[in-house]
Amino acid sequence: MLALLRFHSPTRDQAWRATVRQVWEQVEQRDQWNREAHHELLTYMFPAWHGTGGEMFHWAQERCAHAPRGLPLHTLPLVALAESHRQRMEKDGDRYGLTVHPWTDNPSTQQAWDHWWAYRAPARPHAAFYEDANYFAHALSFANRHREAAEVFDSIGLYATDVPWTYCGDAQTLFSRHRTWAVKASAPYPRRR
């Protein structure tokens, strides 16, 4: 229903917001921490659809503040950050550039580590694990936290996703480059004799 509302919403008036709110209440009654529903509503709030940047970030942070540890919902702010970066690149292009990395010193990356990654069930990854892990590896990589990213890349294996890597360039090139840097950063230092 959330996807249908996003695609078929004519405007963003009060009646439409009430409909979205009603559908969201049903989601919370049936499966309060449903990953797909959270991502659908976050996408609905993307400025490219029916929301604003502030609303998107606020909602993602608010959901993380209440989500239990170990849930991949703690990557929602990273999804919002990547979408914000994509829109700025689309709008400003060369004037914005890749030298601006909104992931540097972003507390959402550490929050995802502390509240999702450290508590997840590694033996039984969820259905959209690779998507969430790619967002997390991307955030760690662009924050120059390659040593920590090594563990995430190891869990991903070869299952790279285009998004969010394409938001910063060629997905395959960036994924491979950052995975190589992560492996090197996590390698033990050779002993000097």
Side-chain angles (χ1 to χ4, degrees), residues 31-40 42-43 46 56-57 59-86 88-89 98-192:
D31 187 359
Q32 182 179 14
W33 304 114
N34 183 283
R35 183 217 177 265
E36 297 307 316
H38 277 77
H39 279 266
E40 278 297 335
L42 182 63
T43 303
F46 286 177
M56 169 182 72
F57 281 111
W59 187 82
Q61 285 293 345
E62 186 269 332
R63 295 310 298 166
C64 287
H66 300 288
R69 288 181 171 174
L71 295 182
L73 296 181
H74 293 285
T75 63
L76 287 172
L78 303 179
V79 174
L81 189 62
E83 174 60 17
S84 176
H85 178 76
R86 184 198 67 76
R88 294 233 8 226
M89 288 295 293
L98 286 177
T99 58
V100 178
H101 293 293
W103 294 273
T104 304
D105 297 325
N106 187 301
S108 297
T109 305
Q110 187 62 43
Q111 289 170 358
W113 184 279
D114 292 341
H115 299 289
W116 172 48
W117 195 257
Y119 289 91
R120 78 196 189 291
R124 294 181 49 215
H126 60 280
F129 171 78
Y130 296 112
E131 182 180 337
D132 294 329
N134 272 270
Y135 271 103
F136 192 37
H138 181 266
L140 288 167
S141 296
F142 278 91
N144 291 317
R145 296 172 62 174
H146 297 292
R147 185 180 205 90
E148 294 153 292
E151 184 178 328
V152 182
F153 278 110
D154 188 49
S155 293
I156 293 171
L158 300 175
Y159 298 103
T161 57
D162 284 342
V163 173
W165 299 99
T166 54
Y167 295 172
C168 298
D170 179 69
Q172 185 176 358
T173 302
L174 287 172
F175 181 85
S176 297
R177 179 184 305 147
H178 285 284
R179 185 173 61 184
T180 299
W181 290 346
V183 168
K184 286 181 182 177
S186 67
Y189 293 105
R191 290 185 171 181
R192 292 187 178 178

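A quick note: this is a predicted structure, and the numbers were derived from the prediction, not measured.
The distance from atom NE2 of His85 to atom OH of Tyr167, rounded to the nearest 0.5 Å, is 10.5 Å. Atoms CG and CE, on Leu76 and Met56 in that order, are 11.5 Å from each other to the nearest 0.5 Å.
Counting heavy atoms from C-beta outward, Arg63 and Leu42 have side chains that stay 4.5 Å or more apart. Ser186 has its side chain out of reach of Phe153: every pair of non-hydrogen atoms, C-beta onward, lies at least 4.5 Å apart.
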Could you give me the CA-CA distance, side-chain angles and deciding distance for His38 and Trp59, then say whether side chain to side chain contact (heavy atoms under 4.5 Å, CB included) is met?
-> CA-CA 10 Å; His38 277 77; Trp59 187 82; 3.7 Å; yes
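For the ring pair (Phe, Tyr, Trp, His ring centres under 6.0 Å) test, residues two or more places apart in sequence or in another chain that qualify with His115 are His74. In this structure, Phe57 has no ring pair (Phe, Tyr, Trp, His ring centres under 6.0 Å) partners at least two apart in sequence or on a different chain. Under the side chain to side chain contact (heavy atoms under 4.5 Å, CB included) criterion, Pro68 pairs with Trp33, Leu71, not counting sequence neighbours. In terms of the side-chain hydrogen bond (donor to acceptor under 3.5 Å, both in side chains) criterion, residue partners of Ser108 (sequence neighbours excluded) are, by chain and number, Gln61, Asn106. Residues passing the side-chain hydrogen bond (donor to acceptor under 3.5 Å, both in side chains) test with Arg120: none are found, sequence neighbours excluded. With sequence neighbours excluded, the residues forming a side chain to side chain contact (heavy atoms under 4.5 Å, CB included) with Asp114 are Gln110, listed by chain and number. The ring pair (Phe, Tyr, Trp, His ring centres under 6.0 Å) check on Tyr119 picks up nothing, with sequence neighbours excluded. Residues satisfying the side-chain hydrogen bond (donor to acceptor under 3.5 Å, both in side chains) criterion with Trp117, sequence neighbours excluded, are Glu151. Remark: Arg86 engages Glu83, Glu90 in a salt bridge (Lys or Arg N to Asp or Glu O under 4.0 Å) (not counting sequence neighbours). Looking at residues two or more places apart in sequence or on another chain, you find a side-chain hydrogen bond (donor to acceptor under 3.5 Å, both in side chains) between Asn134 and Trp165.
Heavy-atom minimum distance, Ala182 versus Ala150: O-CB, 3.4 Å. Between Val152 and Ala133, the shortest heavy-atom distance links the atoms CG1-O, 3.4 Å. Across Trp113 and Glu148, no two heavy atoms sit closer than the pair CZ3-O, 3.6 Å.
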Check: residues 169-179 side-chain donor-acceptor pairs under 3.5 Å, at least two apart:
{"residue": "Asp170", "atom": "OD2", "partner": "Thr173", "partner atom": "N", "Å": "2.9"}
{"residue": "Asp170", "atom": "OD2", "partner": "Thr173", "partner atom": "OG1", "Å": "2.6"}
{"residue": "Ser176", "atom": "OG", "partner": "Gln172", "partner atom": "O", "Å": "3.0"}
{"residue": "Arg179", "atom": "NH1", "partner": "Gly157", "partner atom": "O", "Å": "3.0"}

Contacts table for residues 135-144: side-chain donor-acceptor under 3.5 angstrom, sequence neighbours left out:
{"residue": "Ser141", "atom": "OG", "partner": "Ala137", "partner atom": "O", "Å": "2.7"}

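One N or O on the side chain of Thr43 and one on the backbone of His39 form a donor-acceptor pair closer than 3.5 Å.
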